Protein chains: 2
Amino acid sequence: MRRRIADVAIKMFVEEGYEKVSIRNIADKIEYSPATIYLYFKDKDRLLYEVQTEAFHKLTDHFRDKITDKDPFKRLEQLAMAYIGFAWENPELYDLMFIIKAPMNAIPEEERWEGGDGSYLALLDLVNECVEKKVIKYTDPNLAAMSMWAFAHGLISLQLRGRCLKATSYTVEDLPQVIEKAAREFLNNMKA
Amino acid sequence: MRRRIADVAIKMFVEEGYEKVSIRNIADKIEYSPATIYLYFKDKDRLLYEVQTEAFHKLTDHFRDKITDKDPFKRLEQLAMAYIGFAWENPELYDLMFIIKAPMNAIPEEERWEGGDGSYLALLDLVNECVEKKVIKYTDPNLAAMSMWAFAHGLISLQLRGRCLKATSYTVEDLPQVIEKAAREFLNNMKA
DNA sequence: AAATATACTGAACAGTGTTTATTTTCCAAA
DNA sequence: TTTGGAAAATAAACACTGTTCAGTATATTT
């Protein structure tokens with residue numbers, strides 16, 4: 001039943017957008033009462049967190065498919081492009097993975113961030129290798145990993161929230177290429 | 001009256017956080033009926049947009065205070081640090097300026113983004129000067145400006161949305177310095 | 001067949017943004 | 001000073017939201 005609810009929820013978030021989906025909508029779709037959902041999920045934040053975890057599995061799969069090169073720096077490039085590509089293809093999922101506050105409220109102070117941790121560690125491991133082999137300028141892997149993440153996230157979230165189009169002179173057709181170009185430039189600048 | 005509502009709204013957003021403030025709360029505070037607000041603002045998005053514009057004035061003032069150096073690259077550093085500092089001091093305002101979707105819905109397709117445009121142009125002008133004087137690696141000012149903005153925004157918004165603390169091994173006390181350090185490193189990497 | 005345990009729901013609570021018909025307020029002309 | 005009309009403000013309702021809880025229906029065990 002938990003599965004059933006989570007499956008429908010993730011589908012509805014993707015199709016209709018997070019903001020337009022309510023507990024009642026989900027309950028209607030699975031033809032149960034809204035109260036039933038609360039037997040399986042403490043509250044909406046907790047359900048969102050479950051959906052987020054699912055989404056991170058999707059991202060992990062996406063990474064597995066796209067990160068294939070032997071050279072660690074090339075792999076770093078592939079990771080960056082895969083991250084951006086995922087966001088572009090799944091904007092609604094990206095939203096609740098990285099932008100919306102709600103699902104994070106469901107994680108108690110001390111607990112691990114199930115989904116996010118895994119993906120971040122994939123990046124950190126790779127950056128570690130790059131630092132060891134001196135293929136990037138950075139010497140602190142944590143700082144390098146966070147910087148890469150922040151840059152990619154910044155590009156994506158400014159775009160997803162409509163700030164890019166309004167402030168820059170780029171058009172909606174340009175943006176995908178512009179963002180990729182910016183990412184390439186960023187990677188170039190951190191190359192040893 | 002428009003002013004009166006906007007003033008109270010901005011104050012309440014800062015004090016209690018965007019999510020906890022409703023039209024009714026604002027109406028209560030100014031001792032008017034909720035319906036009155038709709039005589040002066042089309043809807044909540046429009047009110048949010050007004051508050052956003054106010055916030056951008058604050059950011060512009062902040063920039064004016066902090067960006068003082070003669071050297072264009074140093075000025076670029078000052079701008080970056082001022083931006084990050086502003087976000088740190090006014091997280092709730094930063095939220096509705098750059099993260100929340102709602103206020104952008106109030107701007108019709110063709111219209112300018114009153115607040116955002118100005119601040120972005122300040123950055124773009126400065127970057128233009130840096131490109132001309134060849135003090136940064138970038139040759140395309142638009143790309144450079146967007147990259148800087150994206151990087152700073154990425155750092156800030158990941159932090160504001162609780163992703164940094166959960167994924168990285170940094171503590172809440174470290175983060176301000178870590179973010180500044182990351183920004184400095186980024187600027188260093190783009191230095192010509 | 002009776003007792004227990006599990007699964008589910010109807011209805012309500014307290015809140016949200018928003019609209020409309022109605023009332024109050026105010027000011028200028030008679 | 002009274003009256004007419006415009007302008008300003010609102011009470012009440014609509015259609016939602018997340019959430020809770022008392023109560024019902026179903027299934028399992030004794």
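Note that the structure is a prediction, hence the values are computed from the model and not measured. To find a chain, count down the sequence lines: A is the first, B the second, and so on, and within it residues start at 1. Any value given below was found using the heavy atoms of this structure, including those in side chains, with hydrogens, waters and symmetry copies removed.
In this structure, CG on L79(B) lies 12.0 Å from CH2 on W149(B), to the nearest 0.5 angstrom. Taking CZ of F73(B) as the reference point, atom SG of C130(B) lies at 7.5 Å (rounded to 0.5 Å). Expressed to the nearest 0.5 Å, how far CZ of F63(B) lies from CG of L59(B) amounts to 4.0 Å.
Follow the hydrophobic side-chain contacts under 4.5 Å out from V178(B) and you reach L187(B) in the same cluster. M190(B) and L143(B) end up in the same hydrophobic cluster when Ile, Leu, Val, Met, Phe, Trp and Tyr side chains are linked at under 4.5 Å.
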Where do N or O atoms of nucleotides 23-27 of chain D meet protein N or O atoms at under 3.5 Å, pair by pair?
none

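Each of R4(B), R3(B), K11(B) was compared with D7(B) under the side chain to side chain donor-acceptor pair (under 3.5 Å) criterion, and only R3(B) meets it.
By the 4.0 Å N-to-carboxylate-O rule, D61(A) lies too far from K66(A) to be salt-bridged with it. For K58(A) and E54(A), the salt-bridge test fails: no basic side-chain N is under 4.0 Å from an acidic carboxylate O. A salt bridge does not link E185(A) to K181(A): none of the charged side-chain nitrogens sits closer than 4.0 Å to a carboxylate oxygen.
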Requested in this report: Let me see the working for E50(A) and R2(A) under salt bridge (Lys or Arg N to Asp or Glu O under 4.0 Å), right down to the final yes or no.
Outcome: CA-CA 10 Å; E50(A) 200 78 12; R2(A) 254 184 89 92; 2.7 Å; yes
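When ring centroids are compared, F98(B) and Y83(B) come within the 6.0 Å threshold.
Heavy-atom distances under 4.0 Å link DNA chain D to L39(B), Y40(B) of residues 39-48 of chain B, given in residue order. For DNA chain C, the residues of residues 17-34 of chain A within the heavy-atom distance limit of 4.0 Å (strictly under) are R24(A), Y32(A), S33(A), sorted by number.
Side-chain atoms of K20(B) do not come within 3.5 Å of backbone N or O of F13(B) as any donor-acceptor pair. Under the 3.5 Å distance criterion, the side-chain polar atoms of T168(B) are matched with a main-chain donor or acceptor of C164(B).
Chain A approaches DNA chain C within less than 4.0 angstrom (heavy atoms of the protein), and the contacting nucleotides run 5' to 3' from dC8(C) to dA12(C).
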Which pairs of donor and acceptor atoms, one on a side chain in residues 113-129 of chain A, lie under 3.5 Å apart (sequence neighbours left out)?
| residue | atom | partner | partner atom | Å |
| --- | --- | --- | --- | --- |
| W113(A) | NE1 | Q52(A) | OE1 | 2.8 |
| D117(A) | OD2 | R112(A) | NE | 3.4 |
| D117(A) | OD2 | W113(A) | N | 3.4 |
| E129(A) | OE1 | R75(A) | NH2 | 2.8 |
| E129(A) | OE2 | K133(A) | NZ | 3.0 |

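Heavy atoms of other residues, nucleotides or ligands lying less than 6.0 angstrom from CD of E16(A) number more than 12.
Over its length, the helix from dA1(C)-dT30(D) to dA30(C)-dT1(D) turns its helix axis by 30°, as judged from the five terminal pairs at each end, rounded to 10°.
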